[in-house]
A.B. asks: 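Mind looking over this structure? Questions follow.
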Amino acid sequence: MQTVNISHVAEYVDEEVKIAGWVYNKRSSGSVIFLILRDGTGFIQAVAVKGEISDGDFQTCDELTQESSVVISGKVRADKRAPGGFELAVTGIEVVQIADEYPISLKKHGVDFLMERRHLWLRTPRQTAILRIRHEVIKAIRDFFDEQGFVLIDAPILTPSACEGTTTLFSTEYFDSTAYLSQSGQLYMEAAAMALGKVYCFGPTFRAEKSKTRRHLTEFWMVEPEMAWVDLDGNLKVQEELVSYVIQRVLEEKKNELETIKRDTGRLENIKPPFPRISYDEAVEILHKCGVEFEWGNDFGGGDETVLAEQFELPVFVHRYPSSVKAFYMKPDPERPEVCLSADLLAPEGYGEIIGGGQRIDDLELLASRIKEHNLPEEAYEWYMGLRRYGSVPHSGFGLGIERFVAWICGLDHVRETIPFPRLLNRIYP
RNA sequence: UCCCUGGUAGCUCAAUGGCAGAGCAACCGGCUGUUAACCGGUGGGUUGUAGGUUCGAAUCCUACCCAGGGAGCCA
């Protein structure tokens, strides 16, 4: 007898098959027992009827607990009364393990309770749907860059010093010295772009910021493309193409999952290039028009970003920020040196900044003076400055935060559900 | 680091100065089509911790611990 995945049972109507899985729920009306099974690919109802199977097997079905692991044999049949339209008429059962009393019930639980049991929480339909969407997002990103001729370059995770020198880093012993966990692969991507043209890295990023909000993790995943011979405009085009490509792919490939998590996909369906572009100056004007107090020269807060994003149906680029609020390597606008050729992409529906990027300084003298102004250790950046010494070219790149992107696509109110085992300010278990 | 909110049964919550409760879960029993099944019964408490006020504290006060949300910073 063939063992099949629940997602494929429709192909086996009127055949007897085996399903290996877990007991998600059990209902009984005395002589009929309904077992809801899950196997990671879906859910199916198995029906055991007294008299139609051996008394021993019926007794076994009666004694099953939530999350017990079983291999059940039965005949697949279509039945309107069954959730999903198909059910399994049980003919035999093999218990692999009877589960202890399972802590996660089908009723409501608090966030703290679930986070302490994240290893079990992952089994719920909502969490598996989110993780499948995350998988599709990552796959689509890699396909996009592959189709566009980018080369995947892995950036180091152990680094000798801060890339931007401002945010707090996690430190770790490195033999007789100290190393830091990477908070960005960008500088290394700039080096790789000078070797290969168009490159990207995709890896974990660590920030020891004491942020306690729905948008922050201390360990998160970021994709960071870097392109030689590309200016700010070219950079933005790649970004809007990428974001649109990924969203359309998820809408096509993960319909069921989006339905499981009850995501209203109306606004996502319209996400296609080009995205609106506004300058920082225009953004400040919009804030003022909306009655928000904001001083030119500051960076936008979460609330400001939401107000700005609400003015547009699509994600919106905000470009040419004051150089003072951006990283030292951002290239000044030649026509207006106090602002730089940077741009952030703000997602709709309050999801805030999902991309930050810009054109990099390609002039050695300017870069050297910026490093001095920011009190960065020059020795540590010697190699980086060297990129401007040997065939410097205009180049641009950006960083896209995977969890914020997935949270937006899924319509979640917190990024912690978009990553299997989230690391937060006060949480590193399980 | 700062601000706000919360912590009561395994879970979700009620009780606002006067007997610590309900639903679910667990356990026992019933039910031949259930849909977070339903019905009857049983067990289940150091009310986050330590002090204080009071005849009396889950409830009021102080400190601490833990969690959630937000600010700053950022993707």
Side-chain angles (χ1 to χ4, degrees), chain A residues 24-36 43-52 58 62-63 65-67 77 79-85 87 89 99-117 120-121 124-125 163-164 166-169 183-186 202-224 239 298-306 325-327 344-347 351-357 398-408 413-416 418-419 424-427:
Chain A
Y24 177 70
N25 195 11
K26 186 180 80 179
R27 290 183 280 267
S28 160
S29 51
S31 304
V32 183
I33 296 170
F34 300 93
L35 300 169
I36 311 298
F43 294 78
I44 191 170
Q45 171 169 284
V47 187
V49 180
K50 195 166 194 172
E52 292 180 13
F58 188 81
D62 196 39
E63 285 165 3
T65 56
Q66 191 187 355
E67 288 302 312
R77 66 187 177 207
D79 192 312
K80 274 188 294 195
R81 295 169 294 185
E87 65 181 18
D100 283 357
E101 188 183 334
Y102 196 63
I104 298 185
S105 73
L106 302 181
K107 303 271 177 176
K108 211 184 152 196
H109 294 288
V111 172
D112 185 37
F113 180 84
L114 291 169
M115 290 291 281
E116 282 292 316
R117 293 158 186 80
L120 302 177
W121 187 19
T124 61
C163 278
E164 305 181 19
T166 52
T167 41
T168 323
L169 301 171
Q183 58 148 346
S184 167
Q186 183 205 312
F202 198 133
T205 299
F206 307 88
R207 306 259 169 107
E209 293 154 5
K210 302 211 166 176
S211 300
K212 247 181 111 170
T213 80
R214 67 185 72 212
R215 302 184 307 280
H216 288 88
L217 298 164
T218 54
E219 178 182 310
F220 63 98
W221 288 68
M222 192 155 65
V223 57
E224 294 176 280
Q239 295 175 35
N298 290 335
D299 202 355
F300 303 122
D304 304 325
E305 288 179 352
T306 302
V325 302
K326 287 290 172 189
D344 287 352
L345 182 65
L346 307 182
Y351 286 92
E353 184 184 346
I354 59 166
I355 292 180
F398 62 94
L400 165 69
I402 299 303
E403 287 77 17
R404 285 187 183 178
F405 194 21
V406 174
W408 167 36
D413 62 6
H414 201 300
V415 291
R416 67 186 157 217
T418 66
I419 186 166
L424 298 149
L425 179 54
N426 290 318
R427 197 177 289 282

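Side chains included, hydrogens not; waters and symmetry mates left out as well; all remaining heavy atoms used.
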A.B. asks: So, A:Thr65 side chain and A:Ala99 main chain: donor-acceptor pair closer than 3.5 Å or not?
C.D. replies: yes
A.B. asks: Does A:His414 or A:Gly30 map to a spot on RNA chain B nearer the 5' end, using the closest nucleotide for each?
C.D. replies: A:Gly30
A.B. asks: I want to confirm an ordering. Mapping A:Phe300 and A:Lys80 to their closest nucleotides on RNA chain B, which one lands closer to the 5' end?
C.D. replies: A:Lys80
A.B. asks: Base, sugar-phosphate, or nothing: which does A:Asp79 touch, judged by heavy atoms less than 4.0 Å apart?
C.D. replies: base
A.B. asks: I'd like to check the side-chain contact (heavy atoms from CB on, under 4.5 Å) partners of A:Thr306; sequence neighbours left out, ordered by chain and number.
C.D. replies: A:Glu310
A.B. asks: What is the distance from CG of A:Asp304 to C1' of B:C74, rounded to the nearest Å?
C.D. replies: 14 Å
A.B. asks: Roughly, in whole Å, what's the span from CD in A:Glu209 to C1' in B:C73?
C.D. replies: 5 Å
A.B. asks: Is A:Gln45 touching bases, backbone alone, or none of the nucleic acid, heavy atoms closer than 4.0 Å?
C.D. replies: base
A.B. asks: Does A:Thr205 reach a base, just sugar-phosphate, or nothing at all? Heavy atoms under 4.0 Å.
C.D. replies: nothing
A.B. asks: Short question: side chain of A:Arg215, backbone of A:Arg404 - any donor-acceptor pair under 3.5 Å?
C.D. replies: no
A.B. asks: Output the pairing pattern of RNA chain B as a dot-bracket string, 5' first, Watson-Crick or G-U wobble with both distances under 3.5 Å, | for cross-strand pairs, [ ] for crossing pairs.
C.D. replies: (((((((..((((....[..)))).(((((.......))))).....(((((..]....))))))))))))....
A.B. asks: Output all residues satisfying ring-ring contact (aromatic ring centres under 6.0 Å, His included) with A:Tyr24, sequence neighbours left out; order by chain, then residue number.
C.D. replies: A:Phe43
A.B. asks: Can you check whether A:Phe220 stacks with the B:A75 base, using ring centres under 5.5 Å and planes within 30°?
C.D. replies: yes
A.B. asks: Please identify each residue that fulfils ring-ring contact (aromatic ring centres under 6.0 Å, His included) with A:Phe398, with sequence neighbours left out.
C.D. replies: none
A.B. asks: Taking only side-chain nitrogens and oxygens of A:Ser29, does any of them come within less than 4.0 Å of OP1 or OP2 of B:C31?
C.D. replies: no
A.B. asks: Between the protein and nucleotides 2-11 of chain B, are there any N/O to N/O pairs under 3.5 Å, and if so, what are the atom names and distances?
C.D. replies:
residue : atom : partner  : partner atom : Å
B:C11   : O2'  : A:Lys108 : O            : 3.1
B:C11   : O2'  : A:His109 : ND1          : 2.7

A.B. asks: Using the salt bridge (Lys or Arg N to Asp or Glu O under 4.0 Å) criterion, which residues pair with A:Arg427? Sequence neighbours excluded.
C.D. replies: A:Asp112, A:Glu116
A.B. asks: Over all strands shown, is A:Ile36 touching base, sugar-phosphate only, or nothing at heavy-atom distances under 4.0 angstrom?
C.D. replies: nothing
A.B. asks: So, is A:Asn426 close to the B:A67 phosphate, meaning a side-chain N or O under 4.0 Å from OP1 or OP2?
C.D. replies: yes
A.B. asks: Are the charged groups of A:Asp344 and A:Lys326 less than 4.0 angstrom apart, N to O?
C.D. replies: yes
A.B. asks: Would you say the side chain of A:Arg416 and the base of B:G69 hold a donor-acceptor pair, judged only by whether the two atoms sit under 3.5 Å apart?
C.D. replies: no
A.B. asks: For A:Glu87, report the nucleic acid contact type (base, sugar-phosphate, nothing); a contact means any heavy atom under 4.0 Å.
C.D. replies: base
A.B. asks: Which part of the nucleic acid does A:Arg215 contact within heavy-atom distance under 4.0 Å: base, sugar-phosphate only, or nothing?
C.D. replies: base
A.B. asks: How long is the line joining OH of A:Tyr102 and P of B:C27, in whole Å?
C.D. replies: 17 Å
